[in-house]
Q: 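Sharing a structure here in structure tokens format.
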Amino acid sequence: MIKLPIQPEFFTQPESELTTIEAAVLAEARKAALKAHAPYSKFHVGAAVVLESGEILSGSNQENASYPSGMCAERVLLNYVGATYPEAKIQLLCIAVVSEFKDNKRVYAPCGGCRQVISESQARQNNAPIDIIFEGPENQITRCKGIEHLLPFTFQLF
Ligand code: THU
């Protein structure tokens, strides 16, 4: 048996060390979380991207009384970006959580379904890696360079 050379890499750093643009995108994700429709979970999530053009776009989770009809913040945003800017290249995706249930000691990484959708966005841009930043632990952020770190052995049809 041979061990496969797959080594996901994550980095953590104090939020204060973010570049100006990174801090701006994270701030947009936090602002977007305030617009979440999350009456059922009370877990407000915001996502924001910066495109190669410099444009910043954001979205939030949108829940539904019929629970499976709701959608995570990342998917709301990335499907909008794909539909509205089909040629756009996403450089950075930030994800933020605002909730009474938020535990500051924890790291809030995107859910599995959203990882698959982030993977599709990255595939659409010839796999140019999307930087991903998410919150925690404490006043730090956790980050990786490309969805392959969060989703090794990604499913792709082509
Ligand atoms: N949620 C997101 O928006 N993004 C994730 O990556 C995980 C979960 C939302 C879905 C639901 O509205 C709420 O958080 C609780 O699961």
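Indexing begins at 1, ligand by ligand and atom by atom, following the structure's order. Side chains included, hydrogens not; waters and symmetry mates left out as well; all remaining heavy atoms used.
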Q: Using a strict cut-off of 4.0 Å, indicate which atoms of ligand 1 neighbour a heavy atom of S41.
A: 13 (C), 15 (C)

Q: Who's the nearest protein heavy-atom neighbour of atom 12 (O) of ligand 1, and how far?
A: E63 OE2, 2.5 Å

Q: So which heavy atom in the protein is nearest atom 3 (O) of ligand 1, and how far is it from that ligand atom?
A: A73 N, 2.8 Å

Q: For residues Q122 and E148, is any side-chain donor paired with an opposing acceptor at under 3.5 Å?
A: yes

Q: Under 4.0 Å from a heavy atom of E74: give me the atoms of ligand 1 that qualify, with their elements.
A: 2 (C), 3 (O), 4 (N), 5 (C), 6 (O)

Q: With the threshold set strictly below 4.0 angstrom, can you tell me whether any protein non-hydrogen atom sits that near atom 16 (O) of ligand 1?
A: no

Q: Tell me whether P110 has any N or O atom under 3.5 angstrom from an N or O of ligand 1.
A: no

Q: Does I132 offer a backbone N or O that forms a donor-acceptor pair with the side chain of R143 under 3.5 Å?
A: no

Q: Is it the case that the side chains of E28 and S58 hold a donor-acceptor pair, with the cut-off being a distance below 3.5 Å and no angle test?
A: no

Q: What I want to check is whether the side chains of E63 and S41 have a donor and an acceptor closer together than 3.5 Å.
A: yes

Q: Decide if the gap between the ring center of Y40 and the ring center of Y67 is smaller than 6.0 angstrom.
A: yes

Q: Is the closest side-chain donor-acceptor distance between Q62 and S60 under 3.5 Å?
A: yes

Q: Using the ring of each side chain (for Trp, its six-membered ring), is H149 parallel, tilted or perpendicular to F10, with breaks at 30° and 60°?
A: perpendicular

Q: How far is atom 8 (C) of ligand 1 from its nearest protein heavy atom, and which residue and atom name does that atom have?
A: C72 SG, 3.8 Å

Q: Quick test: of every protein heavy atom, which one is nearest to atom 7 (C) of ligand 1, and how far off is it to 0.1 Å?
A: C111 CB, 3.8 Å

Q: Considering heavy atoms of the protein only, find what lies nearest to atom 9 (C) of ligand 1 and give residue, atom and distance to 0.1 Å.
A: N61 ND2, 3.5 Å

